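A short worksheet on the structure shown next.
What you see is a predicted model; the values in this text were computed from it and never measured. Throughout, numbering of the chain's residues begins at 1 and tracks the sequence.
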Amino acid sequence: MIPLLVGTFYVGNEVLDPHEKNIFATLVFLVAALTDWLDGFLARILGQTSKFGAFLDPVADKLMVTAALILLVYLDRVGLFIAMIIIGREIAVSALREWMAILGETKSVAVSLLGKIKTVVQMLAILMLLYKDPIFGLPTFELGTWLVYAATILTLWSMFYYLKRALPLIKNG
């Protein structure tokens, strides 16, 4: 879905006008987010999980969010510093989880409620910033901007939460 998301904004305005590009990109991101959630939900319910799936799913999520954030920076809808914080956290926490897996301590950095809230806020922010235009009088761009700031705070908070949990294990490992 990443090439479709990014490619949307490279299509000429004679094919899709800017508003149509916003709608299409938002729908692509929404479909990716919803199918990712559904895939994980069904895998758990049906007992169809695998180690490869557990590894690949968060990687795909992070790639989609990273592509969307870079795109939003390119479109001047998100500041570079905000995008760097969010992307940097994703890389740092992924590396931390990898290290904890090597130590056999994956439970110490398992996804927390804080991480889930961060993800929801982040996804809503990206959707609103991709769409940009008001919906039923709601200023989606402004709301998306506030949500991406909230997501940035939650991003840092959750990163420090995971680091705090892992630090004693890192010192001993």
Side-chain angles (χ1 to χ4, degrees), residues 1-40 52-99 101 109 111-112 114-135 138-163:
M1 301 286 275
I2 293 170
L4 197 55
L5 175 70
V6 174
T8 300
F9 291 96
Y10 285 93
V11 172
N13 286 344
E14 65 281 352
V15 177
L16 292 174
D17 68 39
H19 179 69
E20 291 169 333
K21 290 177 184 181
N22 290 344
I23 292 170
F24 189 74
T26 303
L27 289 174
V28 167
F29 191 84
L30 181 62
V31 166
L34 290 175
T35 56
D36 175 59
W37 173 83
L38 183 62
D39 171 62
F52 183 66
F55 163 76
L56 197 56
D57 182 66
V59 171
D61 295 349
K62 286 166 184 35
L63 286 173
M64 188 69 173
V65 166
T66 298
L69 286 170
I70 292 169
L71 182 62
L72 289 168
V73 168
Y74 172 76
L75 296 170
D76 200 27
R77 298 181 192 178
V78 168
L80 178 61
F81 188 65
I82 295 294
M84 288 172 55
I85 289 171
I86 294 172
I87 294 167
R89 179 265 186 206
E90 298 302 339
I91 293 168
V93 170
S94 292
L96 180 64
R97 285 194 173 120
E98 199 60 35
W99 181 252
V109 287
V111 177
S112 68
L114 179 59
K116 290 178 182 183
I117 292 169
K118 182 261 325 167
T119 299
V120 169
V121 172
Q122 185 175 277
M123 296 298 187
L124 288 172
I126 291 171
L127 285 166
M128 289 182 177
L129 291 168
L130 283 170
Y131 187 76
K132 189 182 176 190
D133 300 316
I135 300 175
L138 288 173
T140 59
F141 181 73
E142 290 78 7
L143 289 171
T145 299
W146 281 105
L147 283 173
V148 83
Y149 292 145
T152 303
I153 291 166
L154 291 168
T155 291
L156 291 171
W157 185 6
S158 65
M159 180 180 72
F160 290 121
Y161 169 81
Y162 291 127
L163 286 171

List the atom of [X], the atom of [Y], and the distance in Å for their closest heavy-atom pair.
{"X": "Leu16", "Y": "Lys21", "answer": "O-CE, 3.2 Å"}
{"X": "Val78", "Y": "Ala83", "answer": "CG1-N, 4.1 Å"}
{"X": "Val65", "Y": "Met123", "answer": "CG2-CE, 3.7 Å"}
{"X": "Met128", "Y": "Leu147", "answer": "SD-CD1, 3.7 Å"}
{"X": "Ala32", "Y": "Met1", "answer": "N-CE, 4.0 Å"}
{"X": "Ala125", "Y": "Gly144", "answer": "CB-O, 3.7 Å"}

Does a side-chain heavy-atom distance below 4.5 Å link [X] with [Y]?
{"X": "Leu130", "Y": "Leu5", "result": "yes"}
{"X": "Phe141", "Y": "Asp133", "result": "no"}
{"X": "Thr66", "Y": "Ile2", "result": "no"}
{"X": "Leu143", "Y": "Leu124", "result": "no"}
{"X": "Trp157", "Y": "Leu154", "result": "yes"}
{"X": "Leu71", "Y": "Arg77", "result": "no"}
{"X": "Arg97", "Y": "Tyr162", "result": "yes"}

- Query: Can you tell which of Thr152, Ile153, Leu80 makes a side-chain contact (heavy atoms from CB on, under 4.5 Å) with Ile85?
  - Reply: Thr152
- Item | Pair Leu129-Leu75, side chain to side chain contact (heavy atoms under 4.5 Å, CB included): steps then yes or no | CA-CA 10 Å; Leu129 291 168; Leu75 296 170; over 6 Å; no
- Query: Which word best sums up how the rings of Tyr10 and Tyr74 line up, parallel for under 30°, tilted for 30 to 60°, or perpendicular for over 60°?
  - Reply: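 Rings of Tyr10 and Tyr74: parallel, as their planes differ by under 30°.
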- Message: Run the side chain to side chain contact (heavy atoms under 4.5 Å, CB included) test on Asp39 and Thr35 for me, step by step, so that the C-alpha distance in whole Å, both residues' side-chain angles and the decisive distance to 0.1 Å come before the verdict.
- Response: CA-CA 6 Å; Asp39 171 62; Thr35 56; over 6 Å; no
Rounded distance [0.5 Å steps], [atom1] in [X] versus [atom2] in [Y]:
{"X": "Ile135", "Y": "Thr140", "atom1": "CD1", "atom2": "OG1", "result": "5.0 Å"}
{"X": "Glu90", "Y": "Lys62", "atom1": "CD", "atom2": "NZ", "result": "4.5 Å"}
{"X": "Gln122", "Y": "Leu127", "atom1": "CD", "atom2": "CG", "result": "11.0 Å"}
{"X": "Ile86", "Y": "Lys118", "atom1": "CD1", "atom2": "NZ", "result": "8.0 Å"}
{"X": "Leu27", "Y": "Tyr131", "atom1": "CG", "atom2": "OH", "result": "9.0 Å"}
{"X": "Leu34", "Y": "Phe29", "atom1": "CG", "atom2": "CZ", "result": "10.0 Å"}

Just wondering, more than 12 heavy atoms not from [X] lying within 6.0 Å of its [atom1]?
{"X": "Asn13", "atom1": "CG", "value": "yes"}
{"X": "Phe9", "atom1": "CZ", "value": "yes"}
{"X": "Phe24", "atom1": "CZ", "value": "no"}

